[in-house]
Number of protein chains: 2
Amino acid sequence: MAASTLTEVARLAGVSPATASRVLNGSARTPGKDIADRVRQAAESLGYIPNAQAQGLAKSSSGLIGLIVHDIADPYFSAIARGVQEAAREQRKMVLLASTEGAPESEKEAVAAFAARRADSIVIAGSRMSRPEDREGNAELAAELDRYCRNGGQVAVVGHAVVGAGADEGYHVVQVPNEELAAELAAELAAISSGGFVIIGGPEGLLTSDDRIRGFQQGLKAAGRPAAEVLRTAFNRSGGFDAGLALAARIKAVQSAGTTAAEGDSPPAAPAEGPAAPLCIFAVNDVMAIGAAAALRSQGLRIPRDAAVAGFDDIETLRDFRPALSTVHLPLEEIGRQAARRAAGKDGSAASLTPVTGQVTLRRSTETVA
Amino acid sequence: MAASTLTEVARLAGVSPATASRVLNGSARTPGKDIADRVRQAAESLGYIPNAQAQGLAKSSSGLIGLIVHDIADPYFSAIARGVQEAAREQRKMVLLASTEGAPESEKEAVAAFAARRADSIVIAGSRMSRPEDREGNAELAAELDRYCRNGGQVAVVGHAVVGAGADEGYHVVQVPNEELAAELAAELAAISSGGFVIIGGPEGLLTSDDRIRGFQQGLKAAGRPAAEVLRTAFNRSGGFDAGLALAARIKAVQSAGTTAAEGDSPPAAPAEGPAAPLCIFAVNDVMAIGAAAALRSQGLRIPRDAAVAGFDDIETLRDFRPALSTVHLPLEEIGRQAARRAAGKDGSAASLTPVTGQVTLRRSTETVA
DNA sequence: TTGCAGTGGGAATGCGCTTTCCCGAATCAG
DNA sequence: CTGATTCGGGAAAGCGCATTCCCACTGCAA
């Protein structure tokens with residue numbers, strides 16, 4: 001028993017397919033009450049389910065919104081996905097998912113696939129790369145997006161515009177003030193910690209990471225502190241862990257030196273509080289921070305006693321982590337929602353949408369025993 | 001500039017649409033080399049993107065696989081989603097996402113929507129409810145699924161069959177041995193802890209929760225331990241937290257009683273080791289366990305000193321939690337992958353797919369100071 | 001040379017639905 | 001009572017593609 005069609009419903013109701021179509025979907029013209037009832041009843045009894053493909057073909061729109069993320073299992077992305085999903089629900093659309101592992105090439109494929117399905121809009125989450133090697137990939141992605149936009153598609157990008165995107169029509173960006181917030185975080189950290197700073201960053205060229213690093217350095221500078229050293233590593237937990245291991249070794253070396261050498265060569269202008277104040281580690285995202293913390297602990301170091309650790313994102317699942325992680329709260333779900341709404345273009349774009357803001361959230365992990 | 005069509009490509013290449021179709025998609029018949037090249041080049045220069053909707057209409061199949069989860073931001077589901085996504089990639093399909101918050105009604109809607117889009121298969125993750133109130137909702141969902149299956153759809157369910165589903169064709173279940181594993185966990189816990197047991201469970205009727213509770217009780221019984229008390233609460237972090245709060249009060253009461261009353265009324269057959277051995281708390285999933293642990297800590301209690309805590313699922317993001325959480329590892333991603341594969345019906349269903357197994361993983365959180 | 005199978009390509013049909021256009025009937029003003 | 005409007009409904013033309021026929025042509029054996 002194949003799914004019943006509109007024509008069958010119409011026949012059963014004794015009307016034309018046109019009329020059946022008009023009553024079963026809110027057309028501009030509304031057939032008479034009695035006829036409408038007949039049709040509805042016929043549809044009900046046949047268990048009629050409209051064929052969205054055919055509808056889409058006829059109307060050339062699909063009720064689909066495409067979502068591109070690096071990895072749906074990453075809490076950062078899944079939080080955004082939730083927001084997008086919610087907005088989709090409001091718009092009575094469905095979301096089409098694509099995980100790309102961050103490869104521009106497969107993002108391009110995803111865009112093409114969305115375009116093929118005639119998705120009404122596309123939301124791209126996940127940070128862009130700007131490395132020279134990615135130039136070509138980014139260009140192709142941009143070209144694909146441009147084409148999609150020219151054909152009437154709407155695209156919203158979280159964070160940064162795709163490098164080299166040219167279309168101005170139907171192209172939206174949800175700005176995330178990574179730089180400003182990182183600077184703020186640095187300022188607050190500088191105010192409570194007298195130790196040195198180290199940044200655990202993602203690979204060079206990863207825009208989100210670079211922004212946060214830049215902002216943090218600026219904040220440090222504004223606070224009169226020297227620039228922090230930057231450790232480049234993978235943008236995930238294990239990257240954080242590796243960097244943490246390296247730092248642990250360094251910290252232990254300093255500590256034992258301090259213990260044995262007593263107080264002969266204290267760093268210039270270091271306030272006198274026994275050994276040097278603990279190092280303050282800023283990882284450019286929470287997951288990396290957690291990895292770094294785990295590494296430190298695995299080496300017998302304690303947080304925040306031996307080192308302060310701060311992250312970025314305020315991932316919900318990580319809130320119960322001990323010691324509670326200092327971080328920058330980002331309304332991830334709201335970001336996803338806004339992206340989807342912007343792309344829907346319902347209201348005048350930036351109009352009713354308040355810009356995204358985050359907030360520095362200091363917790364135990366940076367409470368240096370001062 | 002509207003997207004170019006196959007007809008346009010054909011015209012540009014100077015062939016018929018039929019031929020163009022044949023070369024641009026692997027048809028049974030392969031046109032001559034030179035013609036094929038001409039067509040491909042024309043397609044390239046026009047930036048032709050096939051219209052998946054039209055293709056789907058013509059072939060009546062869509063290359064879509066529908067995924068239903070309670071909440072995509074929940075790490076349990078996002079891990080499964082990742083597996084599904086991966087399998088989809090293998091099958092060169094895209095995944096269509098629906099978050100339903102667990103309401104059978106909106107699951108039914110989701111199924112209908114998937115059916116409307118002619119999804120080739122549907123994967124349902126997320127535990128079923130069997131409460132009397134849900135009977136009707138479940139029945140409707142089952143009916144919708146049956147219809148979908150009768151029309152040739154394939155559905156795979158993670159964990160339990162949908163209550164009341166009747167179609168035997170195209171209906172697959174990925175079995176998760178919740179009961180057995182919970183029993184195993186209980187046995188191992190009983191072997192290392194002499195204290196009493198308490199279970200923090202989800203609402204009554206939630207199948208996954210009920211299975212794990214039942215299994216745990218059986219394990220306890222097999223180990224000669226009395227059945228544990230079951231606290232019913234919400235199936236999420238805050239439910240765990242609430243239950244944890246209640247337990248904290250209880251634990252503190254016992255502790256102070258033990259301190260003041262010295263050793264006058266020790267429970268029958270309690271081995272003499274100072275105060276009673278700490279309570280062992282089993283939360284039916286990791287997120288709840290984390291919530292409970294947070295609650296205990298907020299009341300000044302320490303884990304595992306004052307109480308042992310164990311969870312279920314082994315959520316990746318929670319692995320760095322301290323003290324490390326004892327739990328049952330479940331290959332979530334693999335589960336998602338299997339579900340998607342089963343539904344694809346590629347290989348002989350259960351044939352090449354090894355059944356899902358988990359493993360009890362004891363960590364710090366249950367290392368009673370014995 | 002003729003007859004045959006085999007081959008590469010085109011014409012046409014239909015997938016299920018929306019929508020424009022058209023037409024008969026009913027309504028209203030004059 | 002007649003002519004001008006509506007108004008409710010149907011006929012039909014696509015939407016973009018796959019696919020089933022069908023036909024012209026080639027190569028081969030007879």
Side-chain angles (χ1 to χ4, degrees), chain A residues 1-40 42-43 46-64 115-120 151-152, chain B residues 1-40 42-43 46-64 112-113 115-120 151-152:
Chain A
M1 181 228 269
S4 49
T5 75
L6 183 60
T7 310
E8 290 172 24
V9 172
R11 193 177 323 149
L12 180 60
V15 301
S16 78
T19 304
S21 169
R22 288 195 263 254
V23 21
L24 292 181
N25 317 298
S27 158
R29 290 178 44 179
T30 317
K33 185 88 174 65
D34 48 344
I35 290 218
D37 284 345
R38 271 222 315 279
V39 171
R40 252 184 287 271
L46 247 44
Y48 170 70
I49 294 184
N51 184 326
Q53 311 224 58
Q55 288 188 157
L57 223 211
K59 295 197 289 201
S60 67
S61 96
S62 60
L64 252 29
R117 298 229 140 70
R118 297 300 182 263
D120 298 332
N151 289 344
Chain B
M1 181 228 268
S4 49
T5 75
L6 184 60
T7 310
E8 290 172 22
V9 172
R11 192 176 324 149
L12 180 59
V15 301
S16 78
T19 304
S21 171
R22 287 195 264 255
V23 21
L24 293 181
N25 318 299
S27 159
R29 290 176 45 179
T30 316
K33 184 88 175 62
D34 47 345
I35 289 218
D37 284 345
R38 269 222 317 278
V39 172
R40 250 185 288 273
L46 247 44
Y48 169 69
I49 295 184
N51 184 325
Q53 310 224 58
Q55 288 189 157
L57 222 211
K59 295 197 291 200
S60 67
S61 97
S62 60
L64 252 29
R117 298 227 139 70
R118 297 301 184 262
D120 298 331
N151 288 344

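Here is how names work: the chains are called A, B, and so on, in the same order as the sequence lines, proteins then strands, and each is numbered from 1. Bear in mind the structure is a predicted one, so any value in this text is a computation, not a measurement.
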The bend of the helix from C/dT1-D/dA30 to C/dT27-D/dA4, taken between the axes of its five terminal pairs at each end and rounded to 10°, is 60°
> Tell me, do A/Pro50 and A/Leu24 make a side-chain contact under 4.5 Å, heavy atoms counted?
Replying inline: no
Practice problem: Using a 4.5 Å cut-off on heavy atoms from C-beta on, say whether the side chain of A/Asp37 contacts that of A/Lys33. | Solution: yes
Of B/Ala54 and B/Thr19, the one whose closest nucleotide on DNA chain D sits nearer the 5' end is B/Ala54
- Task: Would you mind classifying the nucleic acid contact of B/Pro17 as base, sugar-phosphate or nothing, using non-hydrogen atoms under 4.0 angstrom?
- Result: nothing
message = Whether the side chain of A/Arg38 engages the backbone of A/Leu12 through a donor-acceptor N/O pair (distance < 3.5 Å, no angle test) should be reported.
response = no
note: A/Asp34, atom CG; D/dC7, atom P; distance rounded to Å ~ 17 Å
- prompt: Any sub-3.5 Å donor-acceptor pair from B/Ser61's side-chain atoms to B/Gly56's backbone N or O?
  reply: no
Any heavy-atom pair between the side chains of A/Leu57 and A/Arg118 that's under 4.5 Å? no
When rounded to whole Å, the CG to P distance for the pair A/Leu6 and D/dA11 reads 14 Å
* Under 4.0 angstrom, heavy atoms only, what part of the nucleic acid is B/Ser60 near: base, sugar-phosphate, or nothing? -> nothing
Quiz item: At under 4.0 Å, does any side-chain N or O of B/Gln55 touch on OP1 or OP2 of D/dA18?
Solution: yes
Whole-Å distance, B/Leu24 CG to D/dG16 P, equals 16 Å
Regarding the side chain of A/Ala18, the nearest nucleotide among D/dA11, D/dG14, D/dT19 is D/dA11
Original post:
Does a side-chain heavy-atom distance below 4.5 Å link B/Ser62 with B/Arg117?
Top reply: no
task: Report yes or no: does B/Asn51 contribute a side-chain atom to a donor-acceptor pair with the main-chain N or O of B/Thr5 at less than 3.5 Å?
output: no
Rounded to whole Å, CG of B/Leu57 lies from C1' of D/dT19 at a distance of 14 Å
note: A/Arg22, atom CZ; D/dG10, atom C1'; distance rounded to Å ~ 8 Å
| task | Give a yes or no on whether the backbone of B/Pro17 and the side-chain of B/Arg22 come within a donor-acceptor separation of less than 3.5 Å. | result | no
Note: B/Tyr48 and B/Leu6 closest approach over all heavy atoms is CE1-N, 3.4 Å
Taken to the nearest whole Å, CD/B/Glu8 to P/D/dC17 is 9 Å
Ranking B/Ser16 and B/Lys59 by the position along DNA chain C of their nearest nucleotide, the one closer to 5' is B/Ser16
Bounded by its outermost nucleotides with an atom under 4.0 Å from a heavy atom of chain B, the footprint on DNA chain C reads C/dG8 to C/dG16
From CZ of B/Arg11 across to C1' of D/dC17 the rounded distance in Å is 15 Å
The nucleotide from D/dG10, D/dC15, D/dC17 with an atom nearest the side chain of B/Asn51 is D/dC17
